[in-house]
Number of protein chains: 2
Amino acid sequence: MSLRHAVLGLLTKGPASGYDLLKVFDVSLSNVWPATQSQLYAELGRLAEAGLVSVSAEGPRGRKEYSITGEGLAELRHWMTDVEPARVMRSDMLLRVFFLGQIDPGQARDYLRRQGEFATGQLERMEGIRDLVEKGQDDLSVYGRIALDYGLRLGQAQREWAEWAEKQIR
Amino acid sequence: MSLRHAVLGLLTKGPASGYDLLKVFDVSLSNVWPATQSQLYAELGRLAEAGLVSVSAEGPRGRKEYSITGEGLAELRHWMTDVEPARVMRSDMLLRVFFLGQIDPGQARDYLRRQGEFATGQLERMEGIRDLVEKGQDDLSVYGRIALDYGLRLGQAQREWAEWAEKQIR
DNA sequence: ATAGTCATGTAATGAGTTACATGATTGC
DNA sequence: GCAATCATGTAACTCATTACATGACTAT
């Protein structure tokens, strides 16, 4: 149930509507925990019902602004300190590698090259973001940069792996 | 729909029952595409209905042995060469990093240290597996090792990241 | 006026998890 | 005889995706 905690976490930065949160998900959390519009609105409803957030203001067009409650903050901190992260890793990309013997070696090399190129593209994109958020001393920036660095290191590892793997197939 | 392709891929190595496949999932595919028993039996039923696999033998205790059909092989190859891998990355672990400012710095450093330790443990486990499957020239071994190498490189990157990240928090 | 954006919600479907249920066969 | 393992299946529930539906406000 991490969507719930993603929402609580974002609300620690101030009240926001479902619409606001959706934009934040799309730009800043999409690589870590993507969420769709319908999921978000449904989750906000459940959070409000559970008392972890409350509707703190209503605006034009039926806008509802949600704020995190004390209970919500407590739940967020509990999740962060006491709940072990789930380690279910599912990779469509890596699953294919197991079955590369089913296609011919040229195609298999193509596949691995494409994965390397994809990683390279991701890296360029992330480096662009890193340069944009270079400065900024607030928590958001500090921890956002740490998360971004994770992406950069993983991207580099994946690119190097793909280049190496391509050479393993003869 | 990758479970479907994972099953097809495993069946290229010979006929197997749901029970057989479950064990293979548990030992060799669990880190890439975990599957539960109920999911597997249901998927085998659907695959048989779609004509991608067929019941090639029946054994004691209602055992059904499935074989991949020509259609199934074609679908597997299509998936491998023409379908772009999905890149939805969801990380519970990384999501928490965004909100590390909500707990105190000591706890945040603890969190990152635990993630580094976890990566180290995973690495040791994977190195053990690597030493076991060192030899073996069959496709299964070759591509299995390539997949394992991916895990090793990612684990190393994660360990180094966690060690670095811990130092960023003061 | 009208296009763009703000804003919320519902419905259908698919994928995955956990728990329950049942029974046959094998080895000791 | 009995425990372990082999073997399949169903049900309830949660989570996520895609598509549909509706309408208010704002700036030009």
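- The CE-P distance, from A:M1 to D:dC13, rounds to 16 Å in whole Å.
- Between the CD atom of A:Q39 and the P atom of D:dC15 there is a distance of 9 Å, rounded to whole Å.
- Taking the centre and axis of the six-membered ring of B:W164, the NZ or CZ atom of A:R153 falls inside the cone set by 45° and 6.0 Å.
- Rounded to an integer number of Å, the gap from A:R63 CZ to C:dG9 C1' is 16 Å.
- In the model, A:Y111 has no side-chain atom that pairs as donor or acceptor with a side-chain atom of A:E166 under 3.5 Å.
- Rounded to whole Å, the distance from CD on B:E58 to C1' on D:dC6 is 16 Å.
- A perpendicular orientation is assigned to the rings of B:Y150 and A:W161, their planes being inclined by more than 60° (bins at 30° and 60°).
- Among the atoms of the strands shown, none is found under 4.0 Å from any heavy atom of B:R46.
- The residue A:S38 sits close to a base: some heavy atom pair falls under 4.0 Å.
- A donor-acceptor contact under 3.5 angstrom links the side-chain atoms of A:Q37 to the base of C:dT8.
- B:R130 places no side-chain N or O within 3.5 Å of a backbone atom of B:L148 that could act as its donor or acceptor partner.
- Sequence order on DNA chain D of the closest nucleotides to B:V88 and B:S17 puts B:S17 first from the 5' end.
- Mapping A:A35 and A:P60 onto DNA chain D by nearest heavy atom places A:A35 closer to the 5' end of the strand.
- Of the possible donor and acceptor atoms, none in the side chain of B:R77 sits under 3.5 Å from a partner among the backbone N and O of B:E75.
- Checking D:dA7, C:dT8, C:dT17 against the side-chain heavy atoms of A:K64 singles out C:dT8 as nearest.
- Distance CG (A:L21) to P (C:dA7): 12 Å, rounded to an integer number of Å.
- Ranking D:dA7, D:dT17, C:dT5 by closeness to the B:R90 side chain, first place goes to D:dT17.
- Atom CG of B:L40 and atom C1' of D:dC6 are 15 Å apart (whole Å).
- Separating the CZ atom of B:R61 from the C1' atom of C:dT22 is a distance of 14 Å, rounded to the nearest angstrom.
- In this entry the distance linking OH of A:Y41 with C1' of D:dT17 reads 17 Å, nearest Å.
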